Amino acid sequence: MKPNYKLLLTLFMALVVQLVFAQTKTITGTVIDEQGIPLPGVNILVKGSSSGTQTDFDGNYSIQASSGDILVYSYVGFTPQEEIVGPTEVIDITLTAGEALEEVIVTAQGITRERKALGYAVAEVDSEQLESRAEGDIGRVLSGKASGVNITAQSGLSGSGTNITIRGLSSFSGSNQPLFIVDGVPFSSDTNAQGDFVEGNSGGSRFFDLDPNNIANVNVLKGLAAATLYGTAGRNGVILITTKNGSSKGGRKKNEVTINTSVFFNEIGSVPDYTDKFGNGFDQSFGWFFSNWGPSFSEDGVAGWGNDAAIDANGTIEHPYSTASSGTGIPQAFPEFQGVRYAWKPYNSVEDFFRTGTVTNTTVSASGASDDGTVTYNVSGGHLEDEGFVPENKVIRNTLGIGGRAKLTNNFTVSATMNFTRTDLKSPPVSAGDGNSVFAGGGSSVFSNVFFTPRSVDLSGLPYQNPLDGSSVYYRQSNNIQNPNWTLYNTSSQQITNRVFGNTAVTYDFTENLNLTYRLGIDVYSENNVNYQNKGGVTDNTRVRSGFYDTYNNTNYIWDHNVTLNGDYDLSDKLGLSFNLGATTRRTVFDQNGVSSSGQQVYNVLRHFNFQLQDEIQFYSEQNIAGVYGQAELDYDSYLYLTLAARNDWVSNLSQDNRSIGYPSASVSFLPTAAFEGMRGSKVLNFLKLRAGYGTSANFPSGYPVATRTLLDTQAFIDDGGSFVTTNTTDDNRGNPDLKPETLTELEFGIESRWWNNRINLSASYFSRVTKDLIVNRDLDASSAFTSTSTNIGEINVKGLEIDMGVDVFDNREGFSWNLNANFSTIDPVVKDLGADTDIIVYSGFTNLGNAAIPGRPLGTIVGSRILRNDNGDLVTNSQGDYVVETGQFEIGNPNPDYTLNVGSSMTYKNISFNFLLSHVSGGDIYSQTIATLLGRGLTTDTEDRLNSFILPGVNQDTGNPNTVQINNSQYYFDNILFGPNELQVYDGSVVRLQEVSLGYSLPASILDKTPFGSLKISVSGYNLWFDAYNTPDGINFDPNVAALGVGNGQGFDFMSGPSSKRYGLSVQASF
Amino acid sequence: MKRIYIYLIAILATGAVFHSCETTELDLTSNPNALDTTQTDVDFFNNAIQLRYGTLMDSLGNDNAQLVRIEYLGSRNYLNAFAPTDSDYVWDDAYRQILADVKAMTPLALANEQYKHLAIAQVLSADVLVTLVDNFGDIPYSEALQGAEDILNPSVDSGAAVYAEAEGMLNEAIANFNREDSQPGPDTDLYYQNDYSKWIKLANTLKMKIYLQTRLVDDAALSKFNAIVATGNYITDSSEDFQFQWGTNENQPDTRAPKYAFNYTPTGAGDYLSNWLMGTMLEKNDPRIRYYFYRQVSAVPGEEVPPNEQTLTCSLESAPQHYIDGGFTFCSLPNGYWGRDHGDNDGTPGDGFLRSTYGIYPAGGSFDDSRFEPVEQGGGAAGAGITPLMLASWVDFMKAEMAYLEDPASAEQFILSGTQKSIAKVTSFGSLDADADLSVAPTDSDISNYLDTVGSTYENASPTEKWNVMAEQFWIASFGNGILNYNFYRRTGYPTTLQTNRELNPGGFIRSFRYPANFVNNNSSVDQKQQVTAQVFWDTNPASPEFPISN
C-alpha cells in the first residue's frame, strides 16, 4: 500500500512529502559523453519511484536518493545506464552512444515509441532538411524527402495550392489528402479554392500557414496500421509535425536564440523556346489570328514576308490599333496609332511578361528552460514575403508561436502551444485554358492567353487599356481576346487568412507506469476572400464583362477533445506491456458568408456600393466524429513486439444505421539481430528488423449525402411586369440514406537493416491496400431524375513498394564525409470492381475528358476521345487527310508513374557542406494543353520545320487504302494535334529534376568564440533549377509538376495553368 | 482507493469530452444550404417548368435549324457535327428538370386541386417528349424518373409508344383545363397570361403536330388532323401564337434572347448566319430580310469590294465543283450579307464587327435600316425578342402539307395565308427598335407583290417544285426555330434546293442525333448509336445518304 500512500501525500500534502523524503541524501554529479562534452537534459530517475530530474546546461544534476536506490540515466541516442547509490554523494557518469535506431519517435496520438518496436513504416524528416528553403510551403519542401509521398504543386504561382498523397489514391471521391497533426492535434490542411478548376483555382492550401523554419521535425505515418488511432482522419496517412514551439526536447541548452534569414529569387522555370522564324497568321499569310502560322521573318523564300500583301517593302504592317473595327472603340481611343506602321519581327512578349520575384524570409526563435529542466518554453516569429514570377502575385505570411511545458511537482504536467498565422495571398486569376481562350465560365486567366501570344505581337509595347473607359484592348481586330496585361492589373484573387491553432494538454502521472492525458486542440481560421474583375474585360459572360466583386469569409473551426489513459508495465522480466485507451470527439464547422456584386459603375472602384447588383454567397457544413480507441503493445525481451489496436467511430452525417464503424489493426516487429545469439554483435549485419502490419480504417463522406433537397432560385427570370420569377426544382443529387462508410484494409511487410558498422542502412516496405464500398459521387443518367448520387460501390487495390537506402560513403567527422541516400517508390492502384451497375466512373475533370475508374485498369486512367480505328486496328483518316475523331470515354493515358526515385547527397568537408536532391519520375501520362497549344499554334522551335507537307499515317475512311492526302502545317498541328482527338494531346510525363541544391559554410568555433554567436551558417541554394521532361517536345520546356485539376483526386492534366517556378538565393542561420 | 481515484479522473475527463454536447451531436444529416423536399411550392414548380421549357426549345430549335440551313452549321462531317456531349443539356433540362418537376408537382397539385397548373405542365411535358423522340428516336419513358425508387439505369421505350403517351397527356391536359379549380391558376403564366382557352388551342395544335408527323406510319393521321381542323379550336390567329417572350435584363438573371445575348456584345457578333437563308431571301426580295438580318458593313469581300484573306479566307478561293454544279451561293453574298456556307469550318478571324447578325425579329436586336453600324450591347430592342414555339403561320404550313396530299392546288391558300401571317408578325417588330429608320421598311404593296409572286410561282410550278415553294416559304417563316422544319425535311425530303455541305462527302444526313454522352455513359441499359443515320419511327423514307436529296 505504500505507493498509494505516497500518491495521496503527493496530491494533498506536498509539504509532508518533503519531510518524508528529507531522510534521503542529495546525490550530485556531471553527465558527459564519450568525448567529454557535458550532456544537458539527461533524464535521471530513481528506479521504482516517480522522482527524477534532468541535467542542466552544464551536465550537472542533483537528486534526492537513499542508499541502495538505483539511478537510471537515460538520454536520446545513448545507451541508458544504471548506478546503485552507494556511500558516495557524487556520481559522475559517462554515457555511451547507443545504436542510432533505438531512437524514440512520436507515433499516433502523440505516443512515443522506440522505433525498433514499430511494425509499420514511419518516415522521418528532420529540421535540417526543412530549414532555409526557398519554398515557404511545407508541402513542397517535403518533396522527395520521404518515399511513397507524392507532392504536386498546383502551379508555380506563389502561394498556390499543393497536392499531397501518401501511397497513392485509396478513394476517388473522398479526400486523399493526408491528415496533418501539428503538435499532437489535427490541423486543417484544406484548400479552399475560389471556384473550381475551370473557373480558376486561386486559393492556397492551409498548411501554407506553417513556417518550415519553425518545424522541429516531421514524421510521416504511411500505413493504416500506423494511423488506426487517428480513426478515419488518418486513413490517407498522417503528417506529424512537431513545431519548435511544441517540441518537448527543450532543455538541452538553457537559452538559445536562433535566427534564420534568407533571400531568394523566383523566376518562371518553364519558358518555352519560342520560334524567331515565323510570325502571326495562318497558312504563311499574315493576319491578326491567335496563331503563329504566318509569314517568315525573312523577306525571301516560300514563306518570306516579301510575298505578303499586308507587309510593305520596309517590313512593316499596319498597326493593329489602326485597323481594328470601329465597334471595338479602339481606333477612336487611340488616334496616335492611326496610320502608324508596326515592325514585322519577333518580340519577346512572353519572356518579358514575367518578372523575377524576390522572396525574403526571416524566422526568429528563442527557447529556454528552467535550471532543473522542468519548465521549457519556446517562442518564435516569422515573416515571409514571396513575390511570384507573375506580376501582381505575392504572398505575405506572418507567424507567431509560443509553446511551453511544465512538469509540476504534484505529478501534473501541463503543456500548451498557441500559434497565430496571417497569410495574405494575392494572385491574378488562373482559369483552365483550352487553347483558344479560357474555358466556359467566363473567368480570366493570366496564363491561358499569354503563352500563345504570336511572336510578331509586341505584348509589352501595346497599350492594354482603353484610355476612355479602362476596358481591355488588344491586337485582334474585333478585340475578342483579353490583353494579359489588362488581366494583371484589373482582376485579382485575394485571400487573407487569420489563423489561430494550438492545444493545451494536462497529464497526470498516477504512478511512473500510468498516466492520464486530456488534450484540447483548437484550429480556427478565417479566410477573407476577394475576387474581382473591373468592367471592360473580354468574355462571353455578361456578368463578368459588367465587372464583378465578390467578397466572402470562410470561417472554419476544429474543436478536438481527447482523453487517453496510458500505462506501461513489466509483466515479467522479459515481457512488457504498454497500453493506451482513449476517447475523442472532433467537431468541424465550415461557415461561408459573403456578397457577390456585379455591374460596376465607376471603373476600378472596388467597394460593393459601386456595383448595381448584389447576390448572396452562403454555405454551411458541419460534421462531428466521436471515437473510442485502444492500443496495447507487448514487448518480449526487446526483440519481439506485438501491437494491437482498435477504434470505433461515430459520424454525424450518415443515417443512424450506418453511423458507427469499428476497425482493428495489428502489427508485429521482430529483431533477429537481438533474438539470436549468433547474429548479435556482427560487424556485417549490425541490425535487422522484420515487421508486418495489418491495418484498417474507414472513410466517411463529407457534406450532407443523405438529404434530398429542393433547389430554389429567387431570381430565375423577370416576367413582363418586371417581377422576379421564383422557381423551385427537384434536386440534381439523389440523397442516399443507405450510404455507408468506406472501409480500407492494408497489409504491410517491411524490413529494416544496418550494415558494415551502421554505414549502410536499407529498409523496404511492401503494402497492399484494399478499399471497399467506395463512396462514389456517381454521375447518373438524367432520365433517372437525378444527375448524381453518393453511393457505395466497388473495390480498389493499391499495391506498392518503398525502398529507402542510405550509405555513408566517407565518414570522417573531422575531414571529408559523404552521405548518399535514396528513396524509391512504386505504386500500382488498380480498380477491381465497380459493382453491377456501371463499368466506368469518371471522377475528376470533365466527363468526356477526365480521370476514370475502370475495372481491371489503373485508377485514374485518363479517358477522352481518340482516333477512330478500323476493324484491323488501323488509324482512320477522312477525305481531308485528318484523323477521324471517335468521341467517347476511351483510355488515352495512365497518369500513374512507373516509379519515383529520389537521390540525395550530402557532402561535408570541415565547415563546408554541399547537398543536392535529384528526383526522377518515370512514366505517368499527362494531358497537356500547354504542349498542344504551343505546337498547334506554331509558336515554339519544335514547329520550325513547317514548309513541307505532312501525311498522317492511317487508312482512308471511305476507301480503306493507306492515307495519301498531304496536309499542311496548320492542318497537321492545329486541326489534329491541338483540336483533334484528345489522344493526341497526351504525353509521357517522365521527368528528371534537380529538386534542391545547396552549398553551406559554417563559421568555425574559433572565430565564433569572440562573438555572441553560438553558431553561424551561410548557405546558397537553389530549388527546381533544372528539369527535363525528356519525352515531351524540347522547345516547350514543359514541367509536368502541375495539378491543373486543383488539389484533389485529379491527376495528369494541364490546362495551361501551371508554369513552374525556379528559385535560388542565400540564407543565413545564426544562434546565440 | 487508487482505482476509485482513477475512475474519478477518467469520468471527469471523459465528461469534459462528451458533455460538451455540441461536439457529440450525431444527427446532422439535413442540409441547411437548400430547401428540403417538404418545403416545395406548386407555383414555383410551375414557373420552373415553363421557364425551362422555353430555354430547352430555344436551344433545340437552333440545333435543328442548323441542319436544315435556316442557321449555319460549321462542320464538314455530319457524324461529328454534334458531339454527344453537346446534347447533355437536353437530357438535363428535359428529364432532370422539366419532367422530374412535373412528377414531383403532380401529387401536390392534385391534392390542392390546382388543375390548371397540372394542365400547363402536361401540355409542355407532352411536347418535350415528342421533341425528344423526333431528335433521338427511342427514349426512356416507362422506367424514367424513378431514381428515388432505385431505377438508375432506365431502359428506352419505342418512339411510337412515347408518342402515344404524349397524345394521351394532351387529352388529359385539355380535361384538366376544363375542370373546376378550387384554387386560382398559376401566379405566373409566361405564355398566355392565364388565358386557358389559348392553352386548349395549343394542346389541340400539338395534337395536330403529332398527327402530321406520324402521317407516314399512321393511315388515320390525316383524318385525325382534319377532325381537329373542323372544330376550329386550334391556333389560327397570331394573337394565339405560342412563343417565349424574352426581356432586356442583362444580368442576374440574364433574360435576353440567347440569339441577342451572344451577338450584341463589345466584341461583336458571335454567330455566323446561314448564307443559304440570306441568299434565298435576298433573291426573292423577301420583305422580312431587314427584320431578320442586321448588316454591319455594306459589302462582303469578293463582292462589291476586293477579296480579303484576313477577314474572309474563302473570298480568295474558288468554289468547289459540286457548288458550281449545284449553282449554290459560294462564300459571299452581295449587299453586305456576310454569312457562311453550310459546313464551312474555317478558323475565326476577327470579324465580329463585320459579319451579319440577327436583327429585330425574333432576337430583339436592331432593325436593318442600312445604317451599317457595329452592333453594341443594349442596342436595338436590347434582347426583348421571342422564341417562336408554335405560330399561327406555321399551322397554315402544316395544313398546306396535309392539303397537298389530297390536292396540290389546294395548298396554295394555306401557303399564302401562312406567309401573310408571318410577314405581318415580323414587320410588327420594327417599332421595337427605337433607333430604327422604318422608312426603308417594306410597304404594303411590297408585301402584296411578294405574296402575289409566291402565289403565281406556286401555281406555275411542277408538283416537285410546288413542294420546294411550300418548303422554302415554311423555312423563311420559321426563322428562330427549326424543329418543325427538321421534321418536315425528314418526312418529305424538301426543299431540294438547300445549299449542300462545303464538303463533297460529309457523310449521310443526320436522321437522328446520337444519344447524349451522359445518357450512355451513365446508363448501363443503353448503348450509343454509332451513326447519325438512324431513322426515327415515323421516318420511313429511304436511308441516308440517298435521302434527302440536298443531304
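Because only heavy atoms are used, hydrogens play no part in the values below, and waters and symmetry mates are left out as well, while side chains stay in. Naming: A, B, ... by sequence-line order, numbering from 1 per chain. Worth saying up front: this structure is predicted, and the values here are computed from it rather than measured.
Of the two parts of A:Ala310, only the side chain, counted from C-beta on, holds a non-hydrogen atom closer than 4.5 Å to a non-hydrogen atom of chain B. Interface remark: A:Asn736 contributes no atoms to any contact with chain B (heavy atom separation under 4.5 Å). At a 4.5 Å heavy-atom cutoff, the contact between A:Ser546 and chain B is made by side-chain atoms alone. Contacts between B:Asp150 and chain A at a heavy-atom distance below 4.5 Å involve backbone atoms as well as side-chain atoms. At a 4.5 Å heavy-atom cutoff, A:Asn515 makes no contact with chain B through either its backbone or its side chain. Proximity to chain B (any heavy atom under 4.5 Å) is restricted, for A:Val651, to the backbone atoms N, CA, C and O. With a 4.5 angstrom heavy-atom cutoff, B:Ser30 touches chain A only via backbone atoms. Looking at B:Leu152, both its backbone and its side chain come within 4.5 Å of chain A, counting heavy atoms on both sides. Contacts between A:Gln482 and chain B at a heavy-atom distance below 4.5 Å are absent for every atom of the residue. For a residue to count as touching a neighbouring chain, one of its non-hydrogen atoms must lie under 4.5 Å from one of that chain's; by this rule B:Tyr141 does not touch chain A. For a residue to count as touching a neighbouring chain, one of its non-hydrogen atoms must lie under 4.5 Å from one of that chain's; by this rule B:Asn33 touches chain A with the side chain only. Contact annotation for A:Thr730: both backbone and side-chain heavy atoms come within less than 4.5 Å of a heavy atom of chain B. The part of A:Arg476 that comes within reach of chain B is its side chain, from C-beta onward, which places non-hydrogen atoms under 4.5 angstrom from that chain. In this structure, chain A has heavy atoms under 4.5 Å from both the backbone and the side chain of B:Asp101. Only the side chain of A:Phe289 comes within less than 4.5 Å of a heavy atom in chain B; its backbone stays farther off. Only the backbone of A:Leu654 comes within less than 4.5 Å of a heavy atom of chain B; no side-chain atom from C-beta onward does. Neither the backbone nor the side chain of B:Glu376 comes within contact range of chain A; no heavy atom of the residue lies under 4.5 Å from a heavy atom of that chain. Using a 4.5 Å cut-off between heavy atoms, B:Ala148 touches chain A through backbone and side chain atoms alike. Both the backbone and the side chain of B:Pro349 come within contact range of chain A, each with at least one heavy atom under 4.5 Å from a heavy atom of that chain. Using a 4.5 Å cut-off between heavy atoms, B:Asp351 touches chain A through its backbone atoms (N, CA, C, O) alone. When heavy atoms are compared at a cutoff of 4.5 Å, B:Asn31 approaches chain A by way of both its backbone and its side chain. The part of B:Thr188 that comes within reach of chain A is its side chain, from C-beta onward, which places non-hydrogen atoms under 4.5 angstrom from that chain. Residue B:Asn153 touches chain A through its side chain alone, counting heavy-atom pairs closer than 4.5 Å. Looking at A:Asp560, there are no atoms closer than 4.5 Å to chain B (heavy atoms on both sides), in backbone or side chain. A:Thr729 touches chain B through backbone and side chain together, each having a heavy atom under 4.5 Å away. Heavy atoms closer than 4.5 Å to chain B are found in the side chain of A:Phe724, but not in its backbone. Only the side chain of B:Glu503 comes within contact range of chain A, with at least one heavy atom under 4.5 Å from a heavy atom of that chain.
Counting heavy-atom pairs under 4.5 Å between each of B:Val375, B:Asn518, B:Asn345 and chain A puts B:Asn518 at the top. No other option in B:Arg76, B:Gln39, B:Gln193 has as many heavy-atom pairs under 4.5 Å with chain A as B:Arg76. Interface check for chain B: of the options A:Phe290, A:Phe282, A:Trp650, A:Phe619, the most heavy-atom pairs under 4.5 Å are formed by A:Phe619. When the candidates A:Val506, A:Leu780, A:Asn653 are compared by the number of heavy-atom contacts under 4.5 Å with chain B, A:Leu780 comes out ahead. Note on A:Asn480, A:Asp779, A:Asp283, A:Asp731: by heavy-atom pairs under 4.5 Å with chain B, the leading option is A:Asp779. Interface check for chain B: of the options A:Ile718, A:Ile625, A:Val725, the most heavy-atom pairs under 4.5 Å are formed by A:Ile718. In terms of non-hydrogen atom pairs under 4.5 Å with chain B, the most contact-rich of A:Arg586, A:Gln477, A:Gln715, A:Gln618 is A:Gln715. Counting heavy-atom pairs under 4.5 Å between each of B:Val520, B:Thr311, B:Thr255, B:Val526 and chain A puts B:Thr255 at the top. Chain B forms more heavy-atom pairs under 4.5 Å with one residue of A:Gln656, A:Arg778, A:Gln623 than with any other, namely A:Arg778.
Side chains of A:Thr789 and A:Thr791: a donor-acceptor N/O pair is absent below 3.5 angstrom, by distance only. There is no side-chain donor-acceptor pair under 3.5 Å between A:Arg545 and A:Ser598. Looking at A:Asp781 and B:Asn522, their side chains never bring a donor and an acceptor atom within 3.5 Å of each other. Between the side chains of A:Ser285 and B:Glu309, at least one donor N or O lies within less than 3.5 Å of an accepting N or O. A donor-acceptor contact closer than 3.5 angstrom links the side chains of B:Glu143 and B:Ser155. No side-chain donor from either of A:Arg543 and B:Asn251 sits under 3.5 Å from a side-chain acceptor of the other. Inspection of the A:Ser788 and A:Asn733 side chains reveals an N or O donor paired with an N or O acceptor under 3.5 Å. No side-chain donor from either of B:Ser75 and B:Asn77 sits under 3.5 Å from a side-chain acceptor of the other.
By the 4.0 Å N-to-carboxylate-O rule, B:Lys103 lies close enough to B:Glu149 to be salt-bridged with it.
Separation of atoms OG1 (A:Thr714) and CG (A:Asn728) is listed at 11.5 Å; rounding is to 0.5 Å.
With contacts defined as side-chain heavy-atom distances shorter than 4.5 Å, the pair B:Thr29/A:Arg659 qualifies. Put simply, the side chain of B:Thr85 does not reach to within 4.5 Å of the side chain of A:Thr887, judged on heavy atoms.
Annotation: B:Phe262 is not in aromatic contact with B:Tyr260 [ring centroid separation under 6.0 Å not met].
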| query | Would B:Arg256 and A:Thr542 satisfy side chain to side chain donor-acceptor pair (under 3.5 Å), going step by step from the backbone distance to the final call? | reply | CA-CA 11 Å; B:Arg256 299 168 300 161; A:Thr542 319; 2.9 Å; yes
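Ring geometry for B:Trp91 versus B:Tyr515: interplanar angle over 60°, hence perpendicular rather than tilted (30 to 60°).
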